[in-house]
Amino acid sequence: MRLHYDQATEDFRAELRAWLEANRPQPEEMSREPSQSSAHLPPWARTWQRRLFDAGWLVPGWPPELGGRNATPVQQMVYFEEFAGSRLPRALNPQGLSIVTPSLIDFGSEEQKQRFALPSLRAEITWCLGMSEPGAGSDLAGLSTRAELADDGFVVNGQKVWTSGAQHADYCLCFVRTDPDAPKHKGISVLIVDMRSPGITIRPLPQLTDPKQADFNEVFFASVVVPRENLLGPLHGGWSIAGGSLAHERGMLWIDQASSLERTVGRFIELAAQALPDGRRLADNAVVRDQLAQLYIDAQALKFMGYHGFATFARQHVSPEHSVLKLFGTELERRLFLTMTEALGAAAIDVSTPTGRRARDEGPTAVRYLRSFAGTIAAGTSEIQRNIIAERVLGLPRR
Amino acid sequence: MRLHYDQATEDFRAELRAWLEANRPQPEEMSREPSQSSAHLPPWARTWQRRLFDAGWLVPGWPPELGGRNATPVQQMVYFEEFAGSRLPRALNPQGLSIVTPSLIDFGSEEQKQRFALPSLRAEITWCLGMSEPGAGSDLAGLSTRAELADDGFVVNGQKVWTSGAQHADYCLCFVRTDPDAPKHKGISVLIVDMRSPGITIRPLPQLTDPKQADFNEVFFASVVVPRENLLGPLHGGWSIAGGSLAHERGMLWIDQASSLERTVGRFIELAAQALPDGRRLADNAVVRDQLAQLYIDAQALKFMGYHGFATFARQHVSPEHSVLKLFGTELERRLFLTMTEALGAAAIDVSTPTGRRARDEGPTAVRYLRSFAGTIAAGTSEIQRNIIAERVLGLPRR
Amino acid sequence: MDFAFSDEQTALRSSARAMLERHCSTAVVRDLVERGIAPEPLWARMVGLDWPALAITESAGGVGQGFIEVAVLVEELGRVIAPGPFLATVTQFAPLVRECGTPEQRDRFLRAVATGATGTLAISGPAGDWRPERAALTARPRPGGGWLLDGSVHHVLDGGAAEIAVVARLDAGSDGDGIAAFVVPRGAARSEPVQTLDLSRPVTTLRFESLTVPDERVLGTPGRCAAGVGRAVEEATVALALEMVGTCQRIFDTVLDYAKAREQFGVAIGSFQAIKHKFADMFVALERARATAYFAALTIAEDDERRTLAASMAKVAAGDCARLLAQEGIQTMGGIGYTWEHDMQLFAKRAKQGELLLGTSAQHRQRVAELIGLTADASTAVTAPVPA
Amino acid sequence: MDFAFSDEQTALRSSARAMLERHCSTAVVRDLVERGIAPEPLWARMVGLDWPALAITESAGGVGQGFIEVAVLVEELGRVIAPGPFLATVTQFAPLVRECGTPEQRDRFLRAVATGATGTLAISGPAGDWRPERAALTARPRPGGGWLLDGSVHHVLDGGAAEIAVVARLDAGSDGDGIAAFVVPRGAARSEPVQTLDLSRPVTTLRFESLTVPDERVLGTPGRCAAGVGRAVEEATVALALEMVGTCQRIFDTVLDYAKAREQFGVAIGSFQAIKHKFADMFVALERARATAYFAALTIAEDDERRTLAASMAKVAAGDCARLLAQEGIQTMGGIGYTWEHDMQLFAKRAKQGELLLGTSAQHRQRVAELIGLTADASTAVTAPVPA
C-alpha cells in the first residue's frame, strides 16, 4: 500500500500530459461545433480521435495497430486519471469506442475487423447499440426484434428504444432474435446494420429537461435487409457477445465519474463560501455545511473505493464490483444535485442559464438534478445494480 | 372535518377521567411490584383490571357483561386517548385481553366463553399466544407443531418461540397442525393449552439489553395432552381464527404509540434546551435542531395519520391501513432513539441508569434504541408491513 | 379531531374531479408549456362554477364557504397540475386582502375576485423568503398623498394578474410593526418572466421604481400589517402543501399503474419486492403529507392558534413527499420517465417547484424548531407546544 | 494510489485471523461481558506474537514495522470484537508517547509496551471531545518540581492499564500552545468503571485531585504538546475506524450467512429482493468505510499532510457504516437478533460504541467542513483541498 506511484509511472503521466497539451483540440472549435449526440462527430472530434489513434493514446492497453501502446494496468489507470483531469473528451462516440469496437475485435472475422473496427478507431464511422426494446429494457434476453435468414441476407423486423445516437450513427450493432423457438437467451444473434438501409425509421426521444435535445431514439425496423456477412460471431450466439460487450472498460469508468463529482462538489463548496447574488452565504447554514461535508467525503470515498477495487479485484479483469461504483457514484451524483437544489431554495427554480447535452459540468442545479437520472437509470438501473451485487458478488440466491 | 369533539363526547371523556382519578392504582404499589412479563399480573394489577371490568371501562365497545358499555367508535377513540394520556396500564396481559379474549368470544362455545373468556376479562387467568415457531416466524402457515387426536384428547408435539409471557401465563392459545396432508393453511387448529400440563418445558430468551430480563420464551411440547373440549373453533379451521385474532383492536393501537412518541419527543426537546451535565446544550447545534424538528413533526404526523385513517377507513372496521401506522410509528421510534443517541455522543455509552421492562418511557437512550427493535420486529416486521401495504392496500401482484 | 369530509365536501370533490378530468388534461398543460397558450377557457370555466367565489363572504358577492372547500379544490387542481391563476388569486391575493384590508377594500377587491378578476401576492426577495419582516420592497409615504414603492420582488406566481397584493417594509424609524401592504394593478410594475423549472407554473420578477400607490390601494394601516400578512402567507403555504399532495397523488397513481402494467423478466415490475417496498414508503410519505396538510387546513378553517406551527409542518411534510415522489416517480419508470414525451416530467417538475416555493422543508423545519422552543439562544422559553 | 497489501501484510492478516479464530471466540468475549473475566491469556498470546511491539522501532525493542501492519491487526481484532488492552495500548498510549515524549521517554515507555506493559489515553471530558485544546484536565507546575493534575477524564478505554497517557490544559497565561502530556501509573488516579453499552470494551472515568507527576513522567515540554497530541488522536481515530470496519464485516458476514440459511415461506430469506437490496446497500457502506479507512491508514503510515482530513473522513465513513450495519444486522435477523443469546448483540453494541467514541460522524463531518473551508465565518479561506 502506498499513496504515490513510482517514478516510471509518473514519467508515463508526464509524457501523456505533455502530448495532450501539444495536441488537444482548442476550446473555441469545441464550443463552436458541439457534438449533438453520442454518435455525432464534428470535424474537430474526428481529427482529435484520429490523432489519439495515431499516437497510440486512444486505447493505451491495446497494441499500436489498434491505437494503443500495450500499457500496463497501472499506466491505464494513470491514463484515465489524466483524461478525467484534463476534461478533454476521449470518446465522442462512447458506445462505438468502448463497446462496439472491442466486440468486433473479440468476435469479428478478420474482414469485419478491417472493415468496421479500424474505421471506428480512426473516427471514420460511428455506432449506435441496438439492445433495449420496449418490452425488454433491463431484460435483454426478452428481446423480440426478429431477423430471418433469407436468400439475400437477414431480414430484420422490430423495434429498439433508448438507442443513443441512432439519429447520427453510421451503423448499429443490433441484437436480434434469430431462433424464436430456442430458450430466450439461446436464440439471439448480433448483426451489423447500416443505418442508411431502407426500412429504418428513427424517432428521437427528447429528454425531460429539453424538448429540443435528444440522444435517445426509437428505431423501427421494417423488413430491413442485412447482408449475411454482417453477422458478428456465431448464429444464435449473441448472448455471450452481449456479456462481453457491456463489460469492456467498465473497470475504469469510475475514474471519470469520481473526477467529475470531485470537481462539482468542489465548486459547490466554493459557491457555499461565497455570497450568492441574493446576499446569502450557504456556508452560514450549519445543516448545509453538514450535508456538503458528507458529499465531499462521499466523492472522496468513491475515488478510494475505485482504487481499492483496482487493487484487489479489477486490475485487468472485469468484475461485478463495477456495480458498487456505478451504484454509489450515480446515486451520489443525484443526491449532490438534490441537496444543492434544496439548499438554493426558491432561487433554484430559475433555470434560465443555457444548458447543453455535453455540458456535463454546467447548467442550472435543478436541471442537473433531473439530468442525473440518466446515471441511475441508464446502463442498468440502480435497482438492477443492487440485484447484481446481491446475487453475483454476495451469492444470495436467485428465485 | 373539525378539530374538536362535540359536547357529549367531551362529557364521556370527563366521566372517564374522573373515574380514573378516583380508582387508579397508586404509583407506589405499581413500582413496588412491577410486572415481570406480559403475562404476569401482580396483585394490584388483578384488582385494577377487575375494577375496570366491573365499571364497564375495560373494553368499552363491548356490552356490560363483557366489561364494556357499548361505546361508539368516537367514544372508544376518546377512551384510548385518555388512557394513553394517563399513562396507566390498561392491559398487563395484552395478548390475553386484546387477542385471546376476542378470539374466544368470536369463535368459542358458550362453555369456553364462561370458562376462559370471562375469567380473562376479570384478570383471573393470563395467556400467552403460541404462534411463532423456529421455522415459521413471519410465515404462520408454515408452522409444524403437531397435534394428533387420540382417545383422551389431542397430543401436542413441537416447539414455539418468541412466546411472550409463557413463563407466567396460565394458558396458551396454541396454533397447531392437525392435518399434515392438507394444504399449508388448511390443516391448522387452535387449542387452549393449560401451561401446567405435563410435557411443557419453557426456556426464557433474555433480550439483547439485559441477560436477566425476558419476556420471550421458547416453549417445547413433548406429548402434551390437551382435552378435546379445548379445541377452539372447527377442527382444521384455525387459519381464520389467526386472521381474526391478530386484527382485534389494532385499529386504535396507534393512539398509545403516538402518545408515547409525542411525550418522548417532548422530553428530548426539553432536554435539548437545557444544559446537559457536561455543559452542552444540544439545541445550540443547528443539525440537532433540524433533526428534532423533523422528529416532532413526525410524531405529530403519526397522530394526524391515525385520525385520518380513523375518519376514512378504520371506524368500526379493521383495515390494512393499520400497517401504515405500525410501520411509520415503529420506525419513527427507532429513529428517534438513534438520533438522540448520536446527538448525545460519547455520553450515550454510559448506560448505568437502571432500566425495566415496563419502563417504556425510561432508561438510557442507547438502551432504548436497542429496545425499539421490538417494535420493528415483533407483530410483523417492517419488511412484512411493507409487503402488506404493497399487496393488500395498493394491489401490487404477489409473485 | 375529525378528519371526515362532509357529504357536501365530498360531492364538491367529485364534481371538481370530473370537471378537471374533462377540461384539464395534460394536453391543456402542454399547450402552456410547449406553446405558451394560456389556459383561458379553463379559468373561465372555474369562474363559471364560482370556484374563485367559494370562500368569499356572501356580503362581498361570494359563496360564503370556508377553507376546507378551498382545500378540496386545491388538492384536485394539484392532481391535474392545473395551470392558471386559481392558486395565486384564491389562496394568496384574496387572503391578504381579507387579512389586511379595510371592510371597504375587502368588499371592493374580493367582489372582483368573485366575478373572475385575478390576483397574486408579491413579497419575497431573490433568496426565497416569505416572512413579512423580510419583504423585498420598501415603501415610504409620498409627499402629497399615497405611498412610493421601490425594489424587486421575486418568485411571484402569475405575475400578470389583474391585481397584485404587494408587501413592503417601512423605514426603520416608522411606527408600528414596520409592514405595509398595497394592491397595485397589472402593469404598474415592470414584469420580467423567469424561465422556471415548471413551465406550467410561470413565475415573474416585478421591479418597482418609485411607483406611486394611491391611498385607496393602501391596505389597512401601513405599519400594522405584519400579523395579517403572516396569516395570509400561512394560508397560502397550506394551500400549496395541499396542491402538492394532489400532485404527489397523481405521480403515485401514474407510477403504480405503470408498475402493474409494465413487464420485465416476464412479470409485472410491481411484483418485484424492492419495487413494492418503495411503493410502501411512498404511500407512507403521501399519507403523512396528506394528514398533516388536512390538520393544517383545519387550523386555518377554524382559525386555531396552532395554525402557524401547522402550516410549517404541512409544508415540511408536503416537501418531503414531493422530494421522494418526484425522485421515485422518475426512477421507477426507467427510461420512459426520462423523456419529455411522458407526462411524468410535468408532474415531477410541478412537485419540485412546489417544494422550493413558499419555503423549503429545511426552512420550515427551522421555523418549527423555533416555534417548539429549540433555538440556539439559551434564554428562550423551552416548553414544546403539543397540538391536541 | 495503491491499495494492495504486500505479501507480508497479507500473511500477517492470515496468521492473525487464524490465531484469533482459535483463541478469541465469542466465548472469550462473553467471559468478560457476563462474568467479568478479563482476557489475560489472549493478551499474553498477543504479546508472545510481538503484536504490541510491531510498530515500535527496533531501537526501542520493537519489530520496526509501521501503521499499515497495525491497521491489519486492528481490523482483524474488530472482526472478533477482541477484548483487552491492544487498542488502547498500541493505538492510543504508544502514539502519544511517540509524538510527545523525549527520546529517552520514548525508549523507556515504548520498550515496556513492546514487552507487554499496557497503556491508555485520557483526554476527553464528559461530552466526548478528544481535541487537545478541549482536554478535560488542568495542569500546573508544582512548587519544588513536577506538575499537579486536577479534574476528571471520561471515556478512558481500559482505565486499569499500567500506564496512562494524560493530556491536560495549562493556565491561560502560560507559554506555548497550552497543552501538556504526562504518563501516570496505574492507581495514581481514582478510577471509576462506567457501565457501558458495550461491556466487552470497558470504559473508565478517572478523577485527579492535585495528583503530583514527577518530571520524568512529564512528556516533552509542557505547552508544546498540542500538535503531538493531535497527531496521536488522529492515529487513534483511524485505528478505531479500522476496528469498526472489522466489526462491521463480522456483522455483515453473520447476517449474510443467516440470510442464506434461514427459510421463510419456503425459501431462504436472502432470496427476497428487499433483503437483497439491503445487503447491496450494506455492502456499499462497508466498501466505503473500508476504502476510506485504508486511505487514512496510508496517510498515517506515510505521514501525509492529508492525515487530519483523512482521519475525520474515515471516522465518518466507519460511523455511518456502523450505524447501518448494527441496525440492519439486528433487524434482518428478526427475533433472533433481539436476544441476549445470539452474538449479534455483542457485535452491534461494539459497533455502536465505536460510533460514539473519539467523535461521532456528525462531529467529524463538522471537522471536515472546517478543513475544507466551510465555516460560518465569511472571513475564512475558501478553497477546498482535493486529496489526490
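To find a chain, count down the sequence lines: A is the first, B the second, and so on, and within it residues start at 1. These values consider heavy atoms only, across backbone and side chains, with no hydrogens, waters or symmetry-generated copies. As the structure is a computational prediction, the values presented were derived from the model and not from experiment.
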| task | Assess the side chains of C:Ser361 and C:Glu355: does a donor N or O sit below 3.5 Å from an acceptor N or O? | result | no

| task | Check each atom of C:Ala274 against the heavy atoms of chain A and say whether the ones under 4.5 Å are side chain, backbone, both or neither. | result | neither

| field | C:Thr360 versus chain A, the contacting section by heavy-atom distance below 4.5 Å | value | side chain

| request: Against chain A, work out which of C:Ile269, C:Ile275, C:Leu356 has the most heavy-atom pairs shorter than 4.5 Å and name it. | output: C:Leu356

| task | Let me know if A:Leu338 has heavy atoms under 4.5 Å from chain C in its side chain, its backbone, both or neither. | result | side chain

| task | Considering only heavy atoms and a distance below 4.5 Å, find which of C:His342, C:Gln353, C:Glu34, C:Met344 pairs most often with chain A. | result | C:Gln353

| request: Establish, yes or no, whether the cationic atom of C:Lys352 lies under 6.0 Å from the six-membered ring centre of A:Tyr369 and within 45° of the ring axis. | output: yes

| Which region of A:Ala378, side chain (C-beta onward) or backbone (N, CA, C, O), has a non-hydrogen atom less than 4.5 Å from a non-hydrogen atom of chain C, or is it both or neither? | neither

| query | Quick one: do the A:Ser37 and A:His168 side chains pair a donor with an acceptor below 3.5 Å? | reply | yes

| said: Within the supplied structure, the quantity of interest is the number of heavy atoms (other residues, nucleotides, ligands) at a distance under 6.0 Å from C:Gln366 CD; does it exceed 12? | reply: no

| query | Of the backbone (N, CA, C, O) and the side chain (C-beta and beyond), which part of A:Arg386 lies under 4.5 Å from a heavy atom of chain C, both, or neither? | reply | neither

| remark: Under 4.5 Å to a heavy atom of chain A? For C:Gln331 that would be both

| query | So do A:Leu173 and A:Met131 actually touch side chain to side chain, heavy atoms under 4.5 Å? | reply | no

| request: Measure centre to centre between the rings of A:Phe268 and A:Tyr296, then say whether the value is under 6.0 Å. | output: no

| For C:Trp130, which of C:His155, C:His364, C:His154 qualifies under ring pair (Phe, Tyr, Trp, His ring centres under 6.0 Å)? | C:His155

| Checking heavy atoms, do the side chain of C:Leu346, its backbone, both or neither come under 4.5 Å from chain A? | neither

| Side chain / backbone / both / neither for A:Pro277 at chain C, heavy atoms under 4.5 Å | neither

| task | For A:Ser38 and A:Gly165, work out which heavy atoms get closest and say how close. | result | OG-N, 3.6 Å

| task | Could you tell me which of C:Gln327, C:Gln363, C:Met333, C:Lys349 has the largest number of non-hydrogen atom pairs under 4.5 Å with chain A? | result | C:Gln327

| message | Heavy-atom cut-off 4.5 Å, strictly under: side chain, backbone, both or neither for C:Val33 against chain A? | response | neither

| request: Select, from C:Leu358, C:Leu357, C:Asp198, C:Ile336, the one with the greatest count of heavy-atom pairs under 4.5 Å involving chain A. | output: C:Ile336

